[in-house]
Amino acid sequence: MTGLHWLFGDQLGPHFLTPGQGGPERDSAVVMIEARSVFRRRRFHRAKAHLLLCAMRHRAAELGDRVHYVKADTYREGLREAVGSTALTVHHPTSRAALGLVRALDGVRVLPARGFLVPQEDFRAWADGHGGERLRQEDFYRWVRRDHDLLMNGAEPAGGRWNHDHDNREPAPTGARTLDAPKPYRPRENGIDDEVRHDLDRWERSGEVSFVGRDGPRLFPASRREALKALRRFVEYRLAGFGPHEDAMLAGDPVLSHSLLSSSLNLGLLDPQECVDLAEEAWRRGDAPINSVEGFVRQIAGWREYVWQLYWYFGEDYRRSNALRHHAPLPDWFLELDAEAVTARCLSTVLAQVRDSGWTHHIPRLMLLGSHALQRGWDPAAVTDWFHRCFVDGYDWVMLPNVVGMSQYADGGRMTTKPYTSGGAYVNRMSDFCGPCAYRPTLRAGENACPYTAGYWAFLHRHRSRLEHNPRMSQAVRGLDRLTDLDELLEQERLRGDEPP
């Protein structure tokens, strides 16, 4: 073999070893490093740690004699053992910290990033051409569609529209406990899972690391073979029903028709191009309607790609954005995923989903977990760290723009046009959470006042001077003048503090 190539733990698919066009040499030996220090730096979800180590060890088993797999305390220590002074290549890592590390090492050549559709230099040219500000996802998404000839009929978007969101915002059918969608792919555990669980137990017993959440049976793919099975099952059986109810929430059906592919994409087990290509092929065969296919393509070629690019384009200072000056610490019940401490059925249900699986879909993340944090004025950096640690698909590049820019509006509108928060009426319309709840979504003050309804008005009042000039928020802000119980509501929310709602 010639050359030596380093694979990070989120570069696990075959496309990270394909030679040519900025790839490693064809016969390069491979180095993989399992650095325990990663788990000491943050208190990760136990299921996330399990999935990551399983995926790395599965990949090492696939590579066989080609890989030198090192278990070390730190990356530097592992490199000294595996490489010594030998030069090596590595694809552009996915975090600023990892990129800083590889650039500081002698003899390491950084190759272009893989696992994304748009080269970073192409995005920078596009963004600079838009003045570098107000880089809206919709504009970017249309550019990607055209440039990659993705869901296009010549120069026009397939189906006659770029955006089918209007058809994809239906609540679940009235009275339905589930969507009765075909079941998603679920992997079968094997000896690697047992080995990883044994190691994690040992590290916890020694006091070396600490985790949050539960590590039940593994729910997400840890190998290329499993990830392909999950992708194919979604496209064949679940994609057709995905679109209409992608924003709905059901207490008894957290998965609905979602793909559950985000962790596989973010581990590098799947390439985004193969995902969108299979979805488009399903539409062209007539196996899935355009609104469902476009909704799925938008998630990958639109939002995922957009978030990745903004992470690098906005720079490290973006991490410290706090336009709303929110500084409250996260309370212990939230940090510990203590769902039983929470009375509000929506928040309790979703917090339990995160505790048990390290996953919930994008609407509970944004409109329940993120919205509550925004309404309570929690520090956006702490909220970002929580999402990074507690979700199986959470990485620095994923959560920094998603939380700082969209969920917490901490960048003041560089990424989105408005804060994403709502009262209980939205939750009631899009879910079945509110019926048996102790709180009433229509009440903003009093013993049975919905914490989201009260929290929404308190948030608008706190930031009135900023939001009343926002075209998408001005009407809502003017609604404060019609509240006859505003003083009572504000005192109620002040006394509530950070007690679980």
Side-chain angles (χ1 to χ4, degrees), residues 39 42-52 184 186 200 204 209-221 246-256 258-267 329-376 378-396 398-400 402-404 406-408 420-421 427 430-433 437 451-452 455 498 500-501:
F39 301 110
R42 282 187 168 90
R43 192 169 174 230
F44 285 106
H45 198 294
R46 169 71 185 240
K48 179 189 181 84
H50 183 167
L51 177 62
L52 174 60
R186 293 300 193 187
L200 295 177
E204 280 197 288
V209 298
S210 176
F211 298 107
V212 68
R214 299 176 180 174
D215 179 15
R218 178 166 57 83
L219 299 177
F220 302 95
E246 66 173 285
D247 286 3
M249 297 175 282
L250 286 173
D253 189 359
V255 172
L256 303 172
H258 289 272
S259 72
L260 306 182
L261 297 175
S262 55
S263 62
S264 297
L265 279 160
N266 294 349
L267 285 166
L330 274 60
D332 287 344
W333 61 266
F334 196 81
L335 289 168
E336 297 298 325
L337 308 179
D338 187 1
E340 279 74 24
V342 179
T343 300
R345 186 168 180 255
C346 59
L347 184 57
S348 175
T349 301
V350 171
L351 206 59
Q353 290 169 4
V354 178
R355 177 198 65 202
D356 295 344
S357 68
W359 184 89
T360 188
H361 77 76
H362 64 284
I363 294 299
R365 295 189 199 201
L366 180 66
M367 301 306 295
L368 292 176
L369 298 168
S371 178
H372 187 74
L374 181 64
Q375 292 178 0
R376 306 317 303 174
W378 295 348
D379 186 286
V383 179
T384 301
D385 180 70
W386 182 87
F387 273 94
H388 181 167
R389 295 184 296 104
C390 291
F391 281 80
V392 293
D393 54 8
Y395 292 84
D396 194 50
V398 175
M399 293 307 180
L400 184 61
N402 265 308
V403 177
V404 169
M406 187 173 195
S407 171
Q408 301 304 294
Y420 280 85
T421 187
V427 180
M430 297 305 297
S431 79
D432 63 351
F433 291 138
C437 184
Y452 282 91
D498 279 325

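Numbering starts at 1 and runs along the sequence shown.
Put simply, the side chain of Phe220 reaches to within 4.5 Å of the side chain of Trp359, judged on heavy atoms. Looking at heavy atoms from C-beta onward, His258 lies in side-chain contact with Glu246 at the 4.5 angstrom threshold. Residues Leu250 and Leu256 are in side-chain contact: their nearest non-hydrogen atoms beyond the backbone lie under 4.5 Å apart. Proximity of Tyr452 to Leu347: side-chain heavy atoms (C-beta onward) are separated by under 4.5 Å at one or more points. Under the 4.5 Å side-chain criterion, counting only non-hydrogen atoms from C-beta, Leu51 is in contact with Ser263. The side-chain heavy atoms of Pro501 and Val342, taken from C-beta on, include a pair separated by under 4.5 Å. Looking at heavy atoms from C-beta onward, Phe391 lies in side-chain contact with Leu369 at the 4.5 angstrom threshold. The closest side-chain heavy-atom distance from Leu260 to Arg186 is below 4.5 Å.
Distance check, rounded to the nearest 0.5 Å: OG of Ser357 to NZ of Lys48 gives 12.5 Å. Separating the CG atom in Leu200 from the CZ atom in Arg46 is a distance of 4.5 Å, to the nearest 0.5 Å. Interatomic distance, Ser407 OG to Asn402 CG, rounded to the nearest 0.5 Å: 8.5 Å. Distance CE/Met367 to NE2/His362: 10.5 Å, rounded to 0.5 Å. Atom CG of residue Leu366 and atom OG1 of residue Thr421 lie 9.0 Å apart, to the nearest 0.5 angstrom. The distance from the CG atom of Asp385 to the CZ atom of Arg42 is 5.0 Å, given to the nearest 0.5 Å.
The minimum heavy-atom distance between Trp386 and Leu351, with the atom names listed, is CZ2-CD1, 4.1 Å. Among all heavy-atom pairs drawn from Ser348 and Ala339, the shortest one is OG-O, 3.0 Å. Of all heavy-atom pairs spanning Ala49 and Phe211, the tightest one is CB-CE2, 3.5 Å. The minimum heavy-atom distance between Cys346 and Leu368, with the atom names listed, is SG-CD2, 3.7 Å. Here the shortest heavy-atom pairing between Asp393 and Ser262 reads OD2-OG, 2.7 Å. Across every non-hydrogen atom of Leu337 and Cys390, the tightest pair is CD2-SG, 4.3 Å.
Panel note: side chain Gln408, backbone Gly370; a donor-acceptor pair is recorded below 3.5 Å. Side-chain N or O atoms of Trp378 include none that pairs as donor or acceptor with a backbone N or O of Pro331 at under 3.5 Å. With His372 contributing its side chain and Pro451 its backbone, the two residues share no donor-acceptor pair below 3.5 Å. Between the side chain of Arg345 and the backbone N or O of Asp432 there is at least one donor-acceptor pair closer than 3.5 Å.
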Verify side-chain contact (heavy atoms from CB on, under 4.5 Å) between Met406 and Arg365, making sure each step is shown before the conclusion.
CA-CA 11 Å; Met406 187 173 195; Arg365 295 189 199 201; over 6 Å; no
Step-by-step side-chain contact (heavy atoms from CB on, under 4.5 Å) determination, Met399 to Arg389:
CA-CA 10 Å; Met399 293 307 180; Arg389 295 184 296 104; over 6 Å; no
Evaluate Val354 against Phe387 for side-chain contact (heavy atoms from CB on, under 4.5 Å), listing each step before the verdict.
CA-CA 10 Å; Val354 178; Phe387 273 94; over 6 Å; no
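Judged by distance alone, the side chains of His361 and Asp247 never bring a donor and an acceptor atom under 3.5 Å apart.
The ring-ring contact (aromatic ring centres under 6.0 Å, His included) search around His388 returns Phe44, not counting sequence neighbours.
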